Novice: 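Once you've had a glance at the structure underneath, I'll fire off some questions.
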Amino acid sequence: MTDIPPKYNPKEVEDRLYSFWESQSFFSAKPNPSKEPFCIVIPPPNITGILHMGHALNNTIQDILIRFKREKGFETLWVPGTDHAGIATQNMVEKKIAERGLKRQDLGREAFLEEVWKWRQNYGNTIINQLKRLGSSCDWERIRFTMDEGLSNAVLEAFVRLYNKGLIYKGNYIINWCPRCQTALSDEEAPYQEVEGKLYYILYPFKEVKSEKLKVKGGKQKRQGVIVATTRPETMLGDVAVAVHPKDRRYKKLIGSKVILPLMEREIEIIADTIVDPNFGTGAVKVTPAHDPYDFEISKRHNLKALKIMGPDGSMNENAGPYKGLDRFKAREEIIRDLEERNLLLKTEKHIHSAGHCYRCHTIIEPYLSEQWFVRMKPLAKPAIEVVKKGNIKFHPARWTKVYLNWMENIKDWCISRQIWWGHRLPVYYCRKCTKQANGLKAQGSRLKGRGENEKGVIISKICPEKCQGCNSTDIYQDEDVLDTWFSSWLWPFSVFGWPKSTADLDYFHPTSVLVTAPEIIFFWVARMIMAGLEFTGKIPFKDVYIHGTVRDLTGAKMSKSLGNIIDPIDIIEEFGADALRFSMISITATGQDVFLSREKFELGRNFANKVWNASRFVLMNLKQSKEQRAKSKELGLSLADKWILSRLHRTINAVTRSLDNYRFNEAANTIYEFFWHEFCDWYLELTKPEIGLEEKQCILFTILENSLKLL
RNA sequence: GGGCGAUUAGCUCAGUUGGCUAGAGCGUUGCGCUUACAUCGCAAAGGUCACAGGUUCGACCCCUGUAUCGCCCACCA
């Protein structure tokens, strides 16, 4: 803004411009039983986060909805907050103390957590402040955090209830393990990505074949052993069998015979299992129960023991013989070299396959056998499928319904324990005496727990029990693990209102009205909230789910720090203004479509904001009357132009309302843009200039301006 | 392997109940500093709406198939 005319008093105009914002009491909605409320809970961004364009889009949409409903006279509430982001935050703080040469183990659990809370104190509000800068009209008095006392209480309550219903169990299974973060992850936290790897063909010689005599040439190989194909040769150290399809002619006769596991020189059996696809590789699969989920299944069917060859950090352990201590990828190299030396590596071919990656640090995850806690999901999914099928919860655009249902119908149990320190610690306690006994029995092979049965010496309780109910011992300790962050997020729509306590807020604002989020969050959060809502409150948590597109750069890549293609919303706010940012985003984002951003695209909003500013300035600088006087001069003769612009205004109001009712935000934005710029400014304002001194003209100008700003 | 989305002006994209001479922003060309705005105004050029069939009085929009690009999911040893 340069060259402001001298007669124009910027302060005065600004005061006028914003006066009607202030005249409305937006915030701190209170339960008002006589009115139907409109309520949104913000998808809690994580406390390590900084505002990115996805947030900007998401919050702008919510802000539009909430302001729209306010304008329509609803009692509105928009609850903001953050989640504690267990793994991400812990990584952040670990990095910070590493600068002092410390590991979290050096500090110990308690001192480390103090560091985390300190970190949160200093940095945890960054994103909240950024949301404020964006202009989100949340109820900032009500800001919530998943580690707050009330919300933590809800987490423990939920765990105990599910456990008592037999919906939480502990078990030894293959889970996704991040060797860098050294914790278990849920399936959703380990998204599959394509990796260019290799498929190694390895000969497992028959028992009778002396390995020193091996001469591998041409067709002779088959007579000397079985060839298996693998992408992860290092796991062969933990092989306990070779599996073939029972009907595979090539191998039928071999079932039951033995081969020698190379390098380890162990005897393993050839077994038959229908899970094996005869058309892949050689049709023979090495079976590594401790390091592959499907091999684990096979091992259960054939009663094979699982042999773990890797430690939690992804390095080889004492079962790996000479490879002990090597990192998994280093071990792979050495094993390949050793196999080559022995003429056992027959072929290597390029192979593109998918591997899970840690969603926090992008390390390739390791399928890893370990004892974890799980939520049994099928029973929770059933009612959550029904409410969507019945239309009690609607997705916008509707196509996401199918995605949701498909996932829900194939849902797997949810691994909820994490081997980190920052988070809600499991409300699980053990009596040292009883568990010792139980472990003794386990070692003798007796089966101790069934589905939902209490393991001996295990106490599930929100508070630490004073003594063991079994043996009265007071030697009690708590499980070391914490819960998946999403185990607190899935309670969000009612935990923010005080659940499990029954509160007036909960009664009035829950279920909420609409949930606005990105597609990748459907599984993480939306589906789980629906399940939790039905399970714990008996109600759906929201009626509408609006799924907006993903923000991408011009090449279509998702914006991410690692790609370096981020456009920082704060930069845009500083250069163009928050209104320009928000208006641009909305007007270029078609319903549910991904949005491809570049810096230049924000010029659209900047230019429009500038137009609005100048038009407002022009109207207000010519205004002579007070608001009260203007109200008095209502009944005036209207010219054709006056009637025209007023009719266009009302048409615009109707069109914008209709668009917003149908979640068609870009349409609404473009409607008001078109009206304000090309009808109001280009025509009416110009037409009025000669008569600007007339009271009735000023009156109409002000009316149009005020209503346009309200629409905007 | 399954599911989904996209394909419209030089560029980026809108276009929901099938009825237009198919629209916008940016860019381009010409003119314009008329006391809100050059982050502007006026005017103009620019499209066989991916391709091939079909339904219909009428299709950018509905149906079938093809091609290209992208995304998500899946037990790719």
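In what follows, every heavy atom counts, from backbone to side chain, and hydrogens, waters and symmetry copies are set aside. Numbers restart at 1 for each chain; the letters A, B, ... are given by sequence-line order, proteins then strands. Worth saying up front: this structure is predicted, and the values here are computed from it rather than measured.
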Novice: Has A/Arg651 got more than 12 heavy atoms of other residues, nucleotides or ligands less than 6.0 Å from its CZ?
Specialist: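 Not more than 12 within 6.0 Å, no.
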Novice: Could you measure between the two C1' atoms, the one in B/C51 and the one in B/G32, and give it in whole Å?
Specialist: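 Per the computed distance, 46 Å lies between those C1' atoms.
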Novice: Answer yes when A/Asp642 and A/Lys697 have at least one side-chain N-carboxylate O distance shorter than 4.0 Å, and no when they do not.
Specialist: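 Yes, A/Asp642 and A/Lys697 are salt-bridged.
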Novice: Once you round it to whole Å, what is the distance between P of B/C42 and CG of A/Leu687?
Specialist: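 Value for this atom pair: 13 Å.
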Novice: Would you classify A/Ala284 as touching base, sugar-phosphate or nothing, given that sugar-phosphate means primed atoms plus P, OP1 and OP2, and contacts are heavy atoms under 4.0 Å?
Specialist: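 Touches a base.
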Novice: Could you check whether the rings of A/Tyr663 and A/Phe665 sit parallel, tilted or perpendicular, using 30° and 60° as the cut-offs?
Specialist: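 Judged by the thresholds at 30° and 60°, the geometry between A/Tyr663 and A/Phe665 is perpendicular.
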Novice: Heavy atoms under 4.0 Å, any strand shown: does A/Arg606 hit a base, just sugar-phosphate, or nothing?
Specialist: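 It contacts base atoms.
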Novice: Are a donor atom and an acceptor atom from the side chains of A/Lys389 and A/Thr401 found within less than 3.5 Å of each other?
Specialist: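 No, no side-chain donor-acceptor contact under 3.5 Å.
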Novice: Does A/Lys689 make a cation-pi contact with A/Phe618 (under 6.0 Å, within 45 degrees of the axis)?
Specialist: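 That pair qualifies as a cation-pi contact.
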Novice: Quick one: is A/Lys402 getting a side-chain N or O under 4.0 Å of the B/C72 phosphate, OP1 or OP2?
Specialist: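 A/Lys402 to B/C72 OP1/OP2: no side-chain N or O under 4.0 Å.
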Novice: Using a distance-only test with no angle check, is there a side-chain donor-acceptor pair under 3.5 angstrom linking A/Trp414 and A/Asp484?
Specialist: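 Yes, side-chain donor-acceptor contact under 3.5 Å.
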Novice: For the atom pair OH (A/Tyr359) and OG (A/Ser186), what is the distance rounded to the nearest 0.5 Å?
Specialist: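 The OG atom of A/Ser186 is 7.0 Å from OH of A/Tyr359, to the nearest 0.5 Å.
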Novice: Base, sugar-phosphate alone, or nothing: which one does A/Ser354 contact when heavy atoms must sit under 4.0 Å apart?
Specialist: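 Base, at least one base heavy atom under 4.0 Å.
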Novice: State whether a side-chain donor-acceptor pair under 3.5 Å links A/Asn614 with A/Arg617.
Specialist: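 Yes, side-chain donor-acceptor contact under 3.5 Å.
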Novice: Quick check for you: among B/C76, B/C4, B/C37, whose closest atom lies nearest to any side-chain atom of A/His353?
Specialist: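 Output: B/C76.
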Novice: Side-chain donor or acceptor of A/Gln593 under 3.5 Å from a matching atom on the base of B/A14?
Specialist: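 By the distance-only test, no, there is no pair.
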Novice: Are A/Tyr173 and A/Asp413 close enough, and set up right, to give a side chain to side chain contact (heavy atoms under 4.5 Å, CB included), and what steps lead you there?
Specialist: CA-CA 11 Å; A/Tyr173 293 97; A/Asp413 286 357; over 6 Å; no
Novice: What distance, rounded to whole Å, do you find between the two C1' atoms, one in B/G15 and one in B/U29?
Specialist: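 So the two C1' atoms sit 27 Å from each other.
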Novice: Name the nucleic acid region contacted by A/Lys689, choosing base, sugar-phosphate or nothing; use a 4.0 angstrom heavy-atom cut-off, strictly under.
Specialist: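 Base, at least one base heavy atom under 4.0 Å.
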Novice: Counting the atoms with a prime plus P, OP1 and OP2 as sugar-phosphate, which does A/Val228 contact under 4.0 Å by heavy atoms, base, sugar-phosphate, or nothing?
Specialist: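 The answer is nothing, as A/Val228 stays clear of every strand by at least 4.0 Å.
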Novice: On the 0 to 90° scale, with breaks at 30° and 60°, tag the A/Trp677-A/Phe608 ring pair as parallel, tilted or perpendicular.
Specialist: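 A/Trp677 and A/Phe608: parallel rings.
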Novice: Determine, for A/Arg528 against A/Glu188, whether the closest basic-nitrogen to carboxylate-oxygen distance falls under 4.0 angstrom.
Specialist: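 Yes, this pair counts.
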Novice: Between B/A22 and B/C31, how far is it from one P atom to the other, in whole Å?
Specialist: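 One P to the other, the span is 30 Å.
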Novice: Give a yes-or-no answer on whether the side chains of A/Asn666 and A/Ser587 include a donor-acceptor pair shorter than 3.5 Å.
Specialist: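 A/Asn666 vs A/Ser587: no donor-acceptor pair found between side chains.
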Novice: What would the secondary structure line of RNA chain B be in dot-bracket form, counting Watson-Crick and G-U wobble pairs under 3.5 Å, with [ ] for pairs that cross earlier ones and | for pairs with another strand?
Specialist: (((((((..((((.....[...)))).(((((.......))))).....(((((..]....))))))))))))....
Novice: Using the P atom as the reference point in each nucleotide, state the distance between B/U7 and B/A50 in Å, no decimals.
Specialist: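 These two P atoms come out 8 Å apart once rounded.
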Novice: Taking only the side-chain nitrogens and oxygens of A/Lys558, find out if one of them lies under 4.0 Å from OP1 or OP2 of B/G70.
Specialist: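 A/Lys558 to B/G70 OP1/OP2: no side-chain N or O under 4.0 Å.
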Novice: For the pair made of CZ in A/Phe608 and C1' in B/A36, what is the distance, rounded to whole Å?
Specialist: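 A/Phe608 atom CZ is separated from B/A36 atom C1' by 14 Å.
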Novice: A/Leu705 CG to B/A36 P: how many Å, rounded?
Specialist: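 To the nearest whole Å, that distance equals 15 Å.
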Novice: NA contact type, A/Tyr192, heavy-atom cut-off 4.0 Å: base, sugar-phosphate, or nothing?
Specialist: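 If one applies the 4.0 Å heavy-atom cut-off, A/Tyr192 turns out to touch nothing in the nucleic acid.
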Novice: Among side-chain atoms of A/His396 and A/Asp544, is any donor-acceptor pair under 3.5 angstrom?
Specialist: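 Yes, because at least one side-chain N or O of A/His396 sits under 3.5 Å from a partner of the opposite role on A/Asp544.
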Novice: Quote, to the nearest angstrom, the P distance that separates B/G18 from B/U56.
Specialist: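 Their P atoms lie roughly 16 Å apart.
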Novice: Assign each of A/Asp187 and A/Asp594 to its nearest nucleotide of RNA chain B by heavy atoms, then name whichever residue's nucleotide is nearer the 5' end.
Specialist: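 Mapping each residue to its closest nucleotide by heavy atoms, the 5'-most match is A/Asp594.
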Novice: How would you label the contact of A/Ile588 with the nucleic acid (heavy atoms, under 4.0 Å): base, sugar-phosphate, or nothing?
Specialist: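 The residue A/Ile588 makes no contact with any strand.
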Novice: What pairs of nitrogen or oxygen atoms, one from the protein and one from nucleotides 19-21 of chain B, lie under 3.5 Å apart?
Specialist:
none

Novice: How close or far is atom C1' of B/A36 from atom CG of A/Asn614, stated in whole angstroms?
Specialist: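 Result: 5 Å.
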Novice: By nearest heavy atom, map A/Trp407 and A/Asp682 onto RNA chain B; which one lands nearer the 5' end?
Specialist: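 Per heavy-atom nearest nucleotide, the more 5' residue is A/Asp682.
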Novice: So what does A/Ala615 touch, heavy atoms closer than 4.0 Å: a base, only the sugar-phosphate, or nothing?
Specialist: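 Since a base atom lies under 4.0 Å of A/Ala615, the category is base.
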Novice: Whole angstroms only, please: what is the CD-C1' distance between A/Glu603 and B/C11?
Specialist: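 One finds 14 Å between C1' of B/C11 and CD of A/Glu603, rounded.
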Novice: Using a 4.0 Å heavy-atom cut-off across all strands, classify A/Arg552 as base, sugar-phosphate, or nothing.
Specialist: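 Sugar-phosphate contact only - A/Arg552 comes under 4.0 Å of backbone atoms but never of a base.
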Novice: Can you name the atoms? Protein N/O to nucleotides 23-25 of chain B N/O, anything below 3.5 Å, with the distance.
Specialist:
none

Novice: Quickly work out the A/Trp400 CH2 to B/C71 P distance and round it to whole Å.
Specialist: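 After rounding, the gap between these two atoms is 13 Å.
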Novice: Using a distance-only test with no angle check, is there a side-chain donor-acceptor pair under 3.5 angstrom linking A/Lys286 and A/Thr288?
Specialist: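 Checked: A/Lys286/A/Thr288 side chains pair up, N/O donor to acceptor below 3.5 Å.
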Novice: What is the separation between atom CG on A/Leu199 and atom P on B/A77, rounded to the nearest whole Å?
Specialist: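 It works out to 8 Å between those atoms.
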